[in-house]
Enquirer: 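One structure, pasted below without further comment.
Count residues from 1 along the sequence.
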Amino acid sequence: MPKAKSVLSTAASLAASAMLIRSICNELLPTDIQDYIYSSLHSLSYHISSQITIVIEEFQGLSINEVFDAANVYLGSMATTSSAQRFQVMKSEKEKRIGTTLNRNEEIVDVFGDLKLKWKFVCKQVQATKNRNLLQQDNNARLRSEVRHYELSFHRKQKDVVLNLYLPHVLEKAKAIKEENHMVKLHTVEYGCWDANDMVLKHPMNFNTLALDSELKKAIMEDLDNFMNGKEYYTRVGKAWKRGYLLYGPPGTGKSSLIAAMANHLKFDIYDLDLTDVQSNSDLRSLLLSMPSRSMLVTLSGLLNFIDGLWSCCSEGRIIIFTTNHKEKLDPALLRPGRMDMHIHMSYCTASVFEQLAFNYLGISHHHLFEQIEEMLMKVNVTPAEVAGELMKSKCKYAEISLQGIVKFLHAKMNEQHKVTN
């Protein structure tokens, strides 16, 4: 016991002496000399220790550090099942599920194959700088009360494995988590730039419920899937990895519903742009360069002189959709190969479209009135929106009454069109 007391007393004395020396250094020595001493001590410990630490700051100049962002997502997914003592939970209206992140200065251990790695989330209180030159160069120095970074520690022998295998694994895993949790959003232009107050696209349309010719629907889905799986192919043949679609047809034929189904299928955000609102190519370029990859640009087919700007500025992984009610009025240059990859005619209601609508609204796939209705659809032009509107009017659980209402509606439309032709 006396020996133990002696050891504790000595340790306490050394600690107090170290604190006193550090306090004196802070008071008497200039900052440059302090930094030199601490740097030397850190260098000495580096050569003695077998551990190495990577610092991952939140910002890289004026941009978010992609590795920091990925680590935030990756470690957040592990927080509830790890040894972390404290973690944060949050959810906004625009997020699908509750998210988790490490709490300030919390540590977490990860295992990757034979590697054991320790992460630490470090938050430092800082005095806000007013140096304009520094603020323009580095967001880490912006007017805020703390600077955040991650520290990743591991055995120095594993440095190559961490840099070449582990960190790419973290990036890929975070990307998959983001895609799984992503909610499709709708972005519009406000005062020459994308509105920061984007809206969650709550449109429930998908390809299972989309009222579109079944063969055309199948062709569109296959084209989208081939595009998403074809990045290496596009690179090999020397083509930009982007795809253009032209949707044309009368109002009410489902162009907006198809766009929603495409966005929900791919989990791509929609960026809605009317080219007539764009004043110059430079304005268009700024809008396009601020769009992320894996996004969908929807435009009204307006000014042809902007089309080349659209293609040249759009980065890879983008889909561009042009919509028009009158394809015949478009400049032929817009329709030439290389501009729009797939032309999709949104036609009047057909038999297969009606069958999908009947299933959506009435929950039936067969009925004795189907044949009569489908024969009438071959003789009269009505849009899917009109048929859907009639089905919604009845709000009746009895299919017979609803379908009789459709027959009556189609008879009225046929009479109207007969009067117009006469």
Side-chain angles (χ1 to χ4, degrees), residues 96-97 176 178-187 199-231 233-234 241-272 293-299 317-325 327 340-367 370 373-374 377 382-392:
K96 185 182 295 186
R97 60 187 65 177
K178 285 182 178 180
E179 290 176 1
E180 181 182 353
N181 297 337
H182 181 68
M183 293 184 71
V184 176
K185 299 180 182 66
L186 176 64
H187 306 258
M199 299 174 291
V200 173
L201 183 72
K202 296 183 179 180
H203 201 304
M205 186 58 67
N206 56 59
F207 279 110
N208 290 330
T209 57
L210 180 65
L212 188 66
D213 178 79
S214 56
E215 290 300 318
L216 178 57
K217 187 191 302 188
K218 180 181 178 181
I220 295 171
M221 292 178 65
E222 288 180 352
D223 192 80
L224 290 171
D225 292 340
N226 287 337
F227 168 73
M228 289 306 301
N229 297 325
K231 182 178 181 179
Y233 170 78
Y234 276 77
W241 187 42
K242 46 189 131 179
R243 194 79 174 153
Y245 297 87
L246 174 65
L247 311 187
Y248 65 97
T253 51
K255 292 186 285 293
S256 297
S257 294
L258 174 57
I259 291 169
M262 294 170 73
N264 287 328
H265 181 69
L266 299 175
K267 291 189 177 180
F268 276 22
D269 280 7
I270 297 176
Y271 288 77
D272 192 8
S293 59
R294 297 182 61 83
S295 56
M296 182 179 294
L297 179 67
V298 179
T299 75
R318 301 268 184 86
I319 285 178
I320 301 179
I321 299 177
F322 276 81
T323 63
T324 182
N325 296 334
K327 181 183 178 182
M340 293 294 109
D341 299 295
M342 188 174 186
H343 296 193
I344 302 173
H345 180 213
M346 308 298 292
S347 66
Y348 290 107
C349 192
T350 63
S352 62
V353 172
F354 168 73
E355 289 173 5
Q356 181 66 61
L357 289 171
F359 181 80
N360 291 348
Y361 288 91
L362 303 178
I364 60 173
S365 301
H366 306 281
H367 194 277
F370 274 21
I373 292 172
E374 290 170 3
L377 287 173
V382 293
T383 66
E386 290 178 298
V387 175
E390 292 299 316
L391 289 171
M392 289 188 69

Enquirer: Looking only at heavy atoms, what is the nearest atom pair of T253 and Y348, with distance?
Expert: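 Heavy atoms only, the tightest pair is CG2-N, 4.3 Å.
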Enquirer: In the structure I gave you, are the side-chain heavy atoms of I321 and I270 within less than 4.5 Å of one another anywhere?
Expert: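 I321 does not reach I270 side chain to side chain.
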Enquirer: Hey, could you give me each pair passing salt bridge (Lys or Arg N to Asp or Glu O under 4.0 Å) that has a residue in residues 203-231? Not counting sequence neighbours.
Expert: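 Only D223-R243, K231-E316 qualify under salt bridge (Lys or Arg N to Asp or Glu O under 4.0 Å).
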Enquirer: Looking at every non-hydrogen atom in both residues, tell me the closest pair between L357 and C349 and how far apart they are.
Expert: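 Where L357 meets C349 most closely, the heavy atoms are CD1-SG, 4.4 Å.
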Enquirer: Could you work out, with ring pair (Phe, Tyr, Trp, His ring centres under 6.0 Å) as the rule, every residue matching Y245, not counting sequence neighbours?
Expert: none
Enquirer: If you count every heavy atom of other residues, nucleotides or ligands that lies below 6.0 Å from Y234 atom OH, does the total exceed 12?
Expert: yes
Enquirer: Which residues pass the side chain to side chain donor-acceptor pair (under 3.5 Å) test with N264, not counting sequence neighbours?
Expert: none
Enquirer: Evaluate side-chain contact (heavy atoms from CB on, under 4.5 Å) for R318 paired with S295, printing each intermediate quantity in order.
Expert: CA-CA 5 Å; R318 301 268 184 86; S295 56; 3.2 Å; yes
Enquirer: How far does CE of M392 sit from CG of N360, to the nearest 0.5 angstrom?
Expert: 11.5 Å
Enquirer: Please give me the minimum heavy-atom distance between S347 and P384, naming the atom from each residue.
Expert: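 That closest heavy-atom pairing would be O-CD, 4.0 Å.
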Enquirer: Would you say the ring centroid of F354 lies under 6.0 angstrom from that of F370?
Expert: yes
Enquirer: Can you tell me how far the CG atom of L216 sits from the OG1 atom of T350, to the nearest 0.5 Å?
Expert: 9.5 Å
Enquirer: Are M221 and H265 close enough that some pair of their side-chain heavy atoms sits under 4.5 Å apart?
Expert: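 In short, these two side chains touch, coming nearer than 4.5 Å.
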Enquirer: Between S257 and L210, is there a side-chain heavy-atom distance shorter than 4.5 Å?
Expert: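 In short, these two side chains touch, coming nearer than 4.5 Å.
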Enquirer: Sequence neighbours excluded, which residues qualify as side-chain contact (heavy atoms from CB on, under 4.5 Å) partners of S214?
Expert: S352
Enquirer: Going by the angle between their ring planes, with limits at 30° and 60°, are Y248 and H345 parallel, tilted or perpendicular?
Expert: parallel
Enquirer: At their closest point, which heavy atom of M228 faces which heavy atom of F268, and how far apart are they?
Expert: SD-CZ, 3.5 Å
Enquirer: Step by step, work out the side-chain contact (heavy atoms from CB on, under 4.5 Å) result for V353 and L377.
Expert: CA-CA 10 Å; V353 172; L377 287 173; over 6 Å; no
Enquirer: Would you say the ring centroid of W241 lies under 6.0 angstrom from that of Y233?
Expert: no
Enquirer: Is F207 close to L258 at the side-chain level, that is, under 4.5 Å between some pair of heavy atoms?
Expert: yes
Enquirer: Quick check: closest heavy atoms across N325 and K255, and the distance to 0.1 Å?
Expert: OD1-NZ, 3.2 Å
Enquirer: Can you spot which of R294, H182, K185 makes a side chain to side chain donor-acceptor pair (under 3.5 Å) with D269?
Expert: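 Considering R294, H182, K185, a side chain to side chain donor-acceptor pair (under 3.5 Å) with D269 is found only for H182.
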Enquirer: Got a second to check how far T323's OG1 is from M346's CE, nearest 0.5 Å?
Expert: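 The CE atom of M346 is 11.0 Å from OG1 of T323, to the nearest 0.5 Å.
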Enquirer: Identify, with sequence neighbours excluded, every residue that meets ring pair (Phe, Tyr, Trp, His ring centres under 6.0 Å) alongside H203.
Expert: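 By the ring pair (Phe, Tyr, Trp, His ring centres under 6.0 Å) rule, H203 matches no residue at all.
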Enquirer: Looking only at heavy atoms, what is the nearest atom pair of V382 and E386, with distance?
Expert: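 The answer is CA-OE1, 3.3 Å.
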Enquirer: Can you name the residues that form a side chain to side chain donor-acceptor pair (under 3.5 Å) with H343, not counting sequence neighbours?
Expert: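 For H343 the side chain to side chain donor-acceptor pair (under 3.5 Å) partners, ignoring immediate neighbours, are K327.
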